[in-house]
Visitor: 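Please read through the structure below; I'll follow up with questions.
All values derive from a computational prediction rather than experimental measurement.
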Amino acid sequence: MNNCIFCKIISGDIPCDKVYEDDKILAFNDINPEAPVHFLVIPKKHMGSIKDLKEEDCSLLYHIIKKISDIAKDKGIDEKGYRIVNNIGNDGGQTVPHIHFHVLGGRELQWPPG
Ligand code: 5GP
Ligand code: ZN
């Protein structure tokens, strides 16, 4: 998508601090981290939010969750725990309209979120 920041990160037009990449997904550190570990996982296919998910995206979603679990292990946060966050729309706090999963860890997170 032409004007999408995350599509530009995928194409390499905007640099990122890459955590993991394969043909379907990209993981990179958030530019404004809210925790000692804070990375984002995005599909390379542009989708605005979970509202755009189709049945055929089932394996892509599984792949994302599985890789999050693997990366969390690599980063040493899986034993103490971490949080996956997906913001949707304005009230959900979504600022970038390309579906993304925040992964936060490395400190005890509060609940409920603000
Ligand atoms: P949202 O608020 O949409 O759930 O999350 C968007 C996230 O993307 C924010 O945490 C923000 O810091 C991050 N972000 C926005 N622009 C960039 C960028 O150019 N590079 C990186 N690495 N993160 C970004
Ligand atoms: Zn995009």
Visitor: Taking ring-ring contact (aromatic ring centres under 6.0 Å, His included) as the definition, give me every residue that meets it alongside Phe28, ordered by chain and number, with sequence neighbours left out.
Guide: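 If we apply the ring-ring contact (aromatic ring centres under 6.0 Å, His included) test to Phe28, skipping adjacent residues, the hits are Phe6.
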Visitor: Check whether Leu61 and Ile25 end up in the same hydrophobic cluster, where Ile, Leu, Val, Met, Phe, Trp and Tyr are linked by side-chain heavy atoms less than 4.5 Å apart.
Guide: yes
Visitor: So which atom in Met47 and which in Leu53 form the shortest heavy-atom distance, rounded to 0.1 Å?
Guide: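 Shortest heavy-atom separation between Met47 and Leu53 comes out as SD-CD2, 3.7 Å.
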Visitor: Membership question, hydrophobic clusters at under 4.5 Å side-chain separation (ILVMFWY): are Ile42 and Phe39 in the same one?
Guide: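 No, no single cluster joins them.
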Visitor: In residues 106-114, what donor-acceptor pairs under 3.5 Å come from side-chain atoms, sequence neighbours left out?
Guide:
residue: Arg107; atom: NE; partner: Glu34; partner atom: O; Å: 3.3
residue: Arg107; atom: NH2; partner: Glu34; partner atom: O; Å: 2.8

Visitor: Scan the side chains in residues 12-20 for donor-acceptor partners under 3.5 Å anywhere in the protein, sequence neighbours excluded, and list what turns up.
Guide:
residue: Asp13; atom: OD2; partner: Ser11; partner atom: OG; Å: 3.0
residue: Asp17; atom: OD2; partner: Asn29; partner atom: ND2; Å: 2.8
residue: Lys18; atom: NZ; partner: Glu21; partner atom: OE1; Å: 2.5
residue: Tyr20; atom: OH; partner: Asp22; partner atom: OD2; Å: 2.7

Visitor: What verdict does the side chain to side chain contact (heavy atoms under 4.5 Å, CB included) test give for Val85 and Leu104, after you've listed the backbone C-alpha separation in whole Å, the side-chain angles of each residue and the deciding distance to 0.1 Å?
Guide: CA-CA 8 Å; Val85 175; Leu104 299 131; 3.7 Å; yes
Visitor: Could you report the tightest heavy-atom contact between Ile99 and Ser49, atom names first, then the distance?
Guide: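 Looking at all heavy atoms of both residues, the closest pair is CD1-C, 3.7 Å.
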Visitor: Does anything in residues 71-91 pair up under side-chain hydrogen bond (donor to acceptor under 3.5 Å, both in side chains), and if so which pairs, sequence neighbours excluded?
Guide: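 Non-adjacent pairs meeting side-chain hydrogen bond (donor to acceptor under 3.5 Å, both in side chains): zero.
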Visitor: I need the Ile88 CD1 to Gln94 CD distance, nearest 0.5 Å.
Guide: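 If we round to the nearest 0.5 Å, Ile88:CD1 and Gln94:CD are 7.5 Å apart.
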Visitor: Cluster question for you: counting only ILVMFWY and a side-chain heavy-atom cut-off of under 4.5 Å, with indirect links fine, are Ile5 and Phe101 together?
Guide: no
Visitor: For His98, check ring-ring contact (aromatic ring centres under 6.0 Å, His included) against everything at least two apart and list the hits.
Guide: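 Once residues adjacent in sequence are excluded, the partners of His98 under the ring-ring contact (aromatic ring centres under 6.0 Å, His included) criterion are His46.
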Visitor: Could you check Lys24 against His63 for side chain to side chain contact (heavy atoms under 4.5 Å, CB included), going step by step and ending with a plain yes or no?
Guide: CA-CA 9 Å; Lys24 293 186 182 64; His63 184 60; 4.2 Å; yes
Visitor: Starting from Leu26, can I reach Ile50 by hopping between I/L/V/M/F/W/Y residues whose side chains sit under 4.5 Å apart?
Guide: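 Unlinked, Ile50 and Leu26 end up in two clusters.
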Visitor: Treating Ile, Leu, Val, Met, Phe, Trp and Tyr as nodes and any side-chain heavy-atom pair under 4.5 angstrom as an edge, say whether Ile77 and Ile84 lie in one connected cluster.
Guide: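 Yes, Ile77 and Ile84 fall within the same hydrophobic cluster.
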Visitor: Heavy atoms only: give me the nearest Gly105-Ala35 pair and the separation to one decimal.
Guide: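 So the two residues come closest at O-CB, 3.5 Å.
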Visitor: So, taking the atom named CD1 in Ile9 and the one named SG in Cys4, what distance separates them when rounded to the nearest 0.5 Å?
Guide: 8.5 Å
Visitor: So which pairs with a foot in residues 56-72 pass salt bridge (charged side-chain N to carboxylate O under 4.0 Å, His left out), sequence neighbours left out?
Guide: Lys45-Asp57, Lys67-Asp70
